[in-house]
Undergrad: 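Below are the structure tokens for one structure; questions will follow.
Letters A, B, ... are given to chains in the order of the sequence lines, protein chains preceding strands, and every chain is numbered from 1. What you see is a predicted model; the values in this text were computed from it and never measured.
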Amino acid sequence: MSPSRPHRLSSWLLSSALLVALVPALLLTGVALRDLSSRELERATERSTQLARAVAGEVGRFLDGQIVEFTGLRIAVEGLSGGERTQLPDTLRPHLLANPALRSILLVDRQDRVVVAEPPDPDAEGSDLSGQPWLREARQRGLPTWSAATISTRTGEPTVTLVVPGQRWTVVCSLDLTTLGQVVERLHGRSLTGATMLDHDGTVIADQSAQRVREHASLRELPLVRRALLGQEGSEVISLAGETRLASVAPVPHTGWVVLVAEPVEAAFARLDQSRLILLAVLAGGLLAAGLAARLLARRILTPVQALAERTRALAAGEPVPPTPPGGTVQFRELEALSAGFDAMAEVVRSREKALRRSEESFRRIVDTSLVGVASTSLHGEILFANETMARFLGVPSAAALRGRKITDFYEDAAQRAQMVTDVLAAGQVANREVTFRAVSGELRTCLLNVARDGDTLIGLVVDISDLKRSAAERERLEQQLERAQRVEAVGRLAGGVAHDLNNVLTAVIGFGHLLAESLPPSHPERESVDGILEAAGRATALTRSLLTFSRKQPLQPRPVDLRTVVRGVASMLRRLLGEDVEFTVDLPDQPLVTVADPARLEQVLVNLATNGRDAMPGGGRLSISAARAAFGPGDAAAHGLEGPGPWLALTVSDSGEGMSAEVQRQAFEPFFTTKGHGKGTGLGLSIVHGIVHQHRGAVTVSSQPGAGTTFAIYLPASADAVAAPAHLEAAPTGPGGHETILVAEDEEMVRRVVTTTLTRAGYRVIEAVDGADAVARFRERRNEVDLCLLDVIMPRLNGREALGAIRLLKPGVRVLLASGFTGNVLEERGLDLESVELLEKPMAPAEFLRRVRQALDRP
Amino acid sequence: MAFPKRPAWLAIALLLAACQREPIKVGGVFGLSGRHYGLGLSGRDGATLAIEEINAAGGPGGRRLEFLVLDDQQDPEAARRAVRGLVEQGVVAIVGHMTSAMTEATLPIANQAHLLMVSPTSSASKFQGLDDWLVTLYPSSRRSAAVLLDRLTRVDKVGRLAVVYDLSNRAFTQSWHDHLQEGLAAAGGRVLSVPFTSGAEGSLGELADRALATRPDGVLVVANALDSAALCQQVRKRSASVRLYGTDWGFTQDAIAHGGRALDGAIFTLSVDLEGRSPAFVRFREAYLARFSRAPDFAAVLSYEAVQLLAEGLRRDATREGVRRVILGLGTFRGLQDEIRVDALGDTDRPPFLMTIRDGRVVRLQ
Ligand SMILES: Nc1ncnc2c1ncn2[C@@H]1O[C@H](COP(=O)(O)OP(=O)(O)O)[C@@H](O)[C@H]1O
Ligand SMILES: [Mg+2]
């Protein structure tokens with residue numbers, strides 16, 4: 001039940017009922033009031049007029065009394081003979097005593113002269129009164145006449161003069177009107193009512209207000225008074241002394257005076273007001289009763305209607321619909337029909353609703369379980385609906401939590417949304433638009449968006465393609481890495497091949513060089529030249545070794561080492577290398593950092609990186625080396641190009657040098673890439689680092705910015721092995737010799753000769769073989785003599801491995817040394833067991849060579 | 001008898017009040033009680049008639065005049081109270097007083113409040129020629145005295161004149177006394193000064209005795225109507241031959257009523273011809289008679305004219321300062337009988353003339 005509608009109906013019923021009651025009631029009241037008013041008015045007027053008349057009558061009687069009295073007096077004095085004149089005062093005096101109003105009596109003779117004044121007044125006696133209008137009037141009329149009222153010059157009181165004309169004497173009496181006022185007051189006694197006496201000018205001669213009398217106030221300006229002065233009675237509402245009063249006038253008989261009574265209208269019409277009040281109360285009561293009756297009626301009709309409305313509301317709100325109220329309240333056939341109709345309708349609505357809900361539920365399930373994010377928003381971006389998938393995309397706990405929020409809050413770039421809306425409004429839809437959402441966690445999600453417009457609503461389908469994107473980027477990076485590795489590999493093969501051949505040549509050069517040098521006495525003049533050749537050959541050897549190292553052709557001699565030991569061992573050398581302008585720091589943990597590695601190679605890595613650092617800081621700077629355990633998440637290790645989860649050790653070399661541009665960084669590891677001037681850089685430093693690190697199944701990364709220094713990080717697999725105590729090899733000043741028989745298989749004649757000469761000089765017996773097959777043949781012939789086989793790895797007919805296999809068949813425990821210009825993995829590739837075979841690297845100084853041979857012979 | 005229903009007439013009254021522009025308040029101060037009341041009543045009635053006529057014609061500048069009348073009781077203290085009250089009520093100007101004594105008492109208040117007093121009958125010479133807030137309509141007592149003096153010396157040959165004068169209106173009576181004393185002396189005569197105070201004398205007969213004691217050729221009574229009448233009665237009782245003289249203050253219709261034949265032949269000065277035939281005066285006389293059922297005396301005429309003069313000023317400027325400026329700048333003003341000159345100091349010029357009483361009627365002396 002909405003709060004206003006049923007209420008309106010009931011108030012409408014109420015007001016119409018009131019209206020129906022009001023019109024006749026008002027009419028009746030109006031008529032009654034009118035009737036009452038006019039009657040009440042008449043009554044008040046009547047009362048007031050009667051009062052005025054009564055007062056006038058009283059005054060009249062008073063004045064008549066005076067006239068009677070003084071007419072009597074006149075007759076009395078006229079009856080006196082001329083000789084009795086002296087008795088006149090005695091005749092007058094009793095009147096003065098008996099009559100309280102009487103102030104003075106004059107006897108006036110025919111010449112208008114005052115003859116006797118009582119009380120005696122010498123001024124008055126002898127005065128001429130011919131000028132007085134009242135005397136003239138009285139003589140003319142021959143009747144007792146009243147003068148206008150005046151203020152006595154003697155007493156200051158209002159006085160009036162009564163003239164009783166006679167043949168001989170005219171009696172002139174001064175009467176004090178104050179007593180008249182008392183008469184008036186005594187008569188009506190109602191304090192609210194003021195009675196005023198006016199003389200024939202309309203001047204106030206008696207009033208409650210003495211001041212008004214004293215000031216000769218005139219009421220002549222009142223039309224009522226003016227009419228009264230002409231002898232007309234009347235009543236009127238007038239304004240008197242600032243008050244509204246009901247006034248009535250009545251003439252006082254014989255005098256031309258007027259009595260005016262005035263009563264405040266409130267008092268005059270008090271009864272009317274009372275009656276009106278009663279009438280209005282009755283009216284109000286009637287209306288109230290009508291209202292109550294209407295309410296009762298309205299409730300009777302409204303109760304079933306309200307019940308119906310309540311049930312409708314329940315139906316609309318989806319609440320259980322209350323049952324039809326008991327028939328007792330429903331008393332109208334129409335309402336019963338309505339109620340029955342409602343019940344039928346409710347049934348239909350319920351079943352439809354159920355079907356609708358089922359269909360909606362299944363639809364919603366589809367939407368909610370869809371892997372596509374579904375959302376509808378207003379044009380302004382308010383989210384009206386979203387499914388769970390969408391919530392997941394945006395990192396919101398539930399779809400419900402999304403409702404009401406702004407989709408724009410989730411766009412990484414608001415312009416994307418604005419553009420999308422613009423396009424949708426223009427084209428009606430947008431297909432496969434790539435946008436970036438920022439999830440609540442801050443994670444960015446790249447999504448494909450399909451949006452269609454439905455009125456003011458935008459319906460969007462969202463597919464998250466972030467993973468797809470990410471793996472594409474990954475692949476691209478891996479491909480680049482592979483490409484680089486392949487390139488390095490190709491260059492490495494080439495360099496390795498060249499280095500091998502060169503090694504053989506250098507072996508011969510060095511070998512014969514040494515032979516020559518030894519055959520010459522130290523003082524020999526050519527000795528210096530021979531030493532020069534040997535030195536140059538030594539440098540060439542170093543170069544070929546470098547080439548072999550970066551191409552990973554150099555076999556490793558790995559063992560568990562502590563990185564800290566490696567760093568500390570090389571530190572003093574690096575200190576010298578960096579020079580005094582560079583501040584060099586080393587930061588190492590207390591715990592050992594064990595990895596399985598060839599320490600000499602790791603030293604080379606550090607040397608190469610430090611060298612580059614120095615070159616990047618020509619004006620000095622800071623270089624620091626640190627080593628630590630590196631903890632990677634599963635993805636991160638892969639991101640750094642590392643295989644497996646580790647654990648890993650990190651070796652970092654940072655400098656504060658000039659840094660590298662992205663372009664330089666990209667190419668830095670390539671062999672022969674250098675930015676340094678001709679003759680300064682070889683472009684191999686980082687290639688070698690790369691090669692060594694990869695040989696150790698590690699990875700190297702660089703982070704640098706132009707002007708902001710460079711940091712190289714090397715990651716190596718950590719090992720649980722203990723570090724072996726370093727073997728202290730005594731390097732003999734000259735190679736040790738012996739008397740054993742050694743089979744030397746070497747296809748290069750020059751090398752074979754050098755080796756043979758060296759061995760023979762050292763006391764050994766040598767059996768020469770020109771290739772693998774020859775070596776096997778020779779071994780078969782003299783298998784019991786041969787103590788050691790020295791085989792070149794690469795030989796025609798049978799290579800070193802094949803020859804070794806054949807020889808081991810003939811004599812399994814035979815001692816073998818393999819010699820090669822190639823490094824370890826070539827041997828591995830060729831199926832040789834490195835564990836059981838000593839390996840010689842060519843070229844090699846004769847002392848070193850002899851030491852290795854001795855070692856092989858002495859091995860148990 | 002038709003009574004409007006109360007709410008109805010209340011509403012109409014309110015409506016009228018709302019429609020009408022604010023009325024102009026004009027004060028009136030007259031001696032309405034006490035022994036001088038005759039002059040005050042006439043002044044009040046004359047002024048009232050003028051106000052009623054002006055309002056009936058729409059009022060000055062369409063604004064009604066509201067006439068606030070107070071009684072000065074011929075008492076300086078009461079007069080000052082009355083004028084202060086009117087100042088407080090915001091009147092724009094005052095009509096009054098009727099006697100010079102009262103005017104003298106309240107003029108300082110009016111001057112201070114910048115409130116114009118238009119006095120119908122104050123005529124003491126001391127008010128003349130001053131730049132103050134008083135405008136008088138009556139000729140100065142000096143002028144009137146001069147006219148009477150001329151009669152005394154040239155026609156009646158009065159050498160000894162008893163001047164009976166009321167000290168309760170001394171501002172006026174004293175100047176009469178002094179003018180005559182001076183003038184008569186100059187003509188070789190003599191004035192016998194008989195001062196008295198109205199209402200304070202036990203018997204006017206004794207006063208008459210005093211006046212006649214030096215056997216004067218004439219008696220000049222400078223007193224109010226009642227006193228004048230009574231005094232003349234007493235003089236006549238004692239001497240049938242002595243000449244009686246008076247002023248227009250004392251010799252009003254009231255005085256004639258009270259004085260009777262005693263006033264016959266008495267000569268007095270007057271500036272208003274009560275028998276005048278000018279149409280304006282005749283119309284006024286009739287209206288006054290109809291309104292108050294008695295004929296107007298000189299005080300009523302002057303009071304009427306005073307209000308008309310004031311209205312003339314209010315018509316152009318209804319402020320206190322403004323109405324004075326306008327009136328003093330008028331030059332002339334149309335009175336009931338003549339053009340009256342108003343000078344820049346608020347003095348008017350109106351020729352006094354001599355009247356006498358014959359058989360109870362006032363007649364102009366040629
Ligand atoms: N620490 C470094 N700071 C700046 N540039 C470096 C650094 N290390 C290497 N580079 C850049 O990488 C190039 C290749 O280095 P490298 O392979 O060692 O060859 P080379 O040092 O002979 O130039 C260098 O020429 C230099 O441009
Ligand atoms: Mg380098």
Side-chain angles (χ1 to χ4, degrees), chain A residues 33-34 37-38 41-42 44-45 49 111-114 121-136 147-148 150-154 156 199-203 210-218 220-221 226 229 234-237 239 244 246 248 256 265-266 268-269 272-273, chain B residues 1-6 9-10 13 30-35 37-38 40-41 44-45 48 52 69-71 73 198-199 201-208 224-227 229-234 236-238 253-264 290-294 357 359-360:
Chain A
L33 262 179
R34 233 183 96 91
S37 297
S38 59
L41 217 60
E42 251 166 57
T45 309
T49 312
Q111 284 74 47
D112 301 335
R113 207 161 287 275
V114 177
D121 178 1
D123 282 1
E125 280 165 24
S127 300
D128 178 73
L129 296 186
S130 61
Q132 298 290 7
W134 35 260
L135 186 61
R136 276 204 297 270
S147 75
T150 56
I151 306 301
S152 159
T153 51
R154 230 188 321 237
D199 72 3
H200 54 244
D201 299 344
T203 302
Q211 191 191 353
R212 241 195 283 175
V213 176
R214 232 182 303 119
E215 289 182 2
H216 298 84
S218 170
R220 210 185 143 81
E221 76 264 20
R226 235 173 289 159
L229 291 174
S235 294
E236 210 169 281
V237 174
S239 174
T244 309
L246 171 63
S248 292
V265 275
E266 288 80 12
F269 296 124
L272 177 59
D273 285 345
Chain B
M1 195 166 34
F3 282 90
K5 281 204 183 128
R6 209 152 29 109
W9 56 251
L10 244 172
F30 309 99
L32 298 175
S33 55
R35 295 180 63 85
Y37 79 89
L41 285 190
R44 180 194 70 187
D45 291 348
T48 301
E52 284 171 359
V69 175
L70 290 178
D71 180 9
Q73 299 174 34
S198 178
E201 303 293 324
S203 155
L204 289 178
E206 286 168 24
L207 191 60
N224 68 40
L226 289 183
D227 290 336
L231 201 61
C232 289
Q233 290 265 16
Q234 300 309 319
R236 270 284 167 268
K237 272 200 275 183
R238 289 160 177 74
Q253 211 57 44
D254 260 3
I256 293 165
H258 289 288
R261 278 188 284 267
L263 261 65
D264 259 5
R291 175 73 175 79
F292 303 109
S293 51
R294 60 195 153 87
I357 297 165
D359 298 327

Undergrad: Name the one of B/L32, B/L41, B/L70 that satisfies side-chain contact (heavy atoms from CB on, under 4.5 Å) with A/E215?
TA: B/L32

Undergrad: Considering residues at least two apart in sequence or located in another chain, which fulfil the side chain to side chain contact (heavy atoms under 4.5 Å, CB included) criterion with B/Q234?
TA: A/D123, A/S127, B/L204, B/A208, B/K237, B/R238

Undergrad: Name the option with the most non-hydrogen atom pairs under 4.5 Å to chain A; the candidates are B/S33, B/A257, B/G259, B/A230.
TA: B/A257

Undergrad: In Å and rounded to the nearest 0.5 Å, what is the CD1 to CD distance from B/I256 to A/Q132?
TA: 11.5 Å

Undergrad: Which one wins on heavy-atom pair count under 4.5 Å against chain A: B/A262, B/G40, B/S203?
TA: B/S203

Undergrad: With rounding to the nearest 0.5 angstrom, report the CG to OG distance, A/D199 to B/S293.
TA: 8.0 Å

Undergrad: For each of B/R294, B/R291, B/E206, tally heavy-atom pairs with chain A at distances under 4.5 Å, and name the one with the top tally.
TA: B/R291

Undergrad: Could you work out, with side-chain hydrogen bond (donor to acceptor under 3.5 Å, both in side chains) as the rule, every residue matching A/S218, not counting sequence neighbours?
TA: none

Undergrad: So do the side chains of B/R261 and A/D112 get within less than 4.5 Å of each other, counting heavy atoms only?
TA: yes

Undergrad: Is it the backbone or the side chain of B/R236 that comes under 4.5 Å from a heavy atom of chain A, or both, or neither?
TA: neither

Undergrad: For A/E221, which atoms come within 4.5 Å of any heavy atom of chain B: side chain, backbone, both, or neither?
TA: both

Undergrad: Between atom OG1 of B/T48 and atom CZ of A/R220, what is the distance when rounded to the nearest 0.5 Å?
TA: 13.0 Å

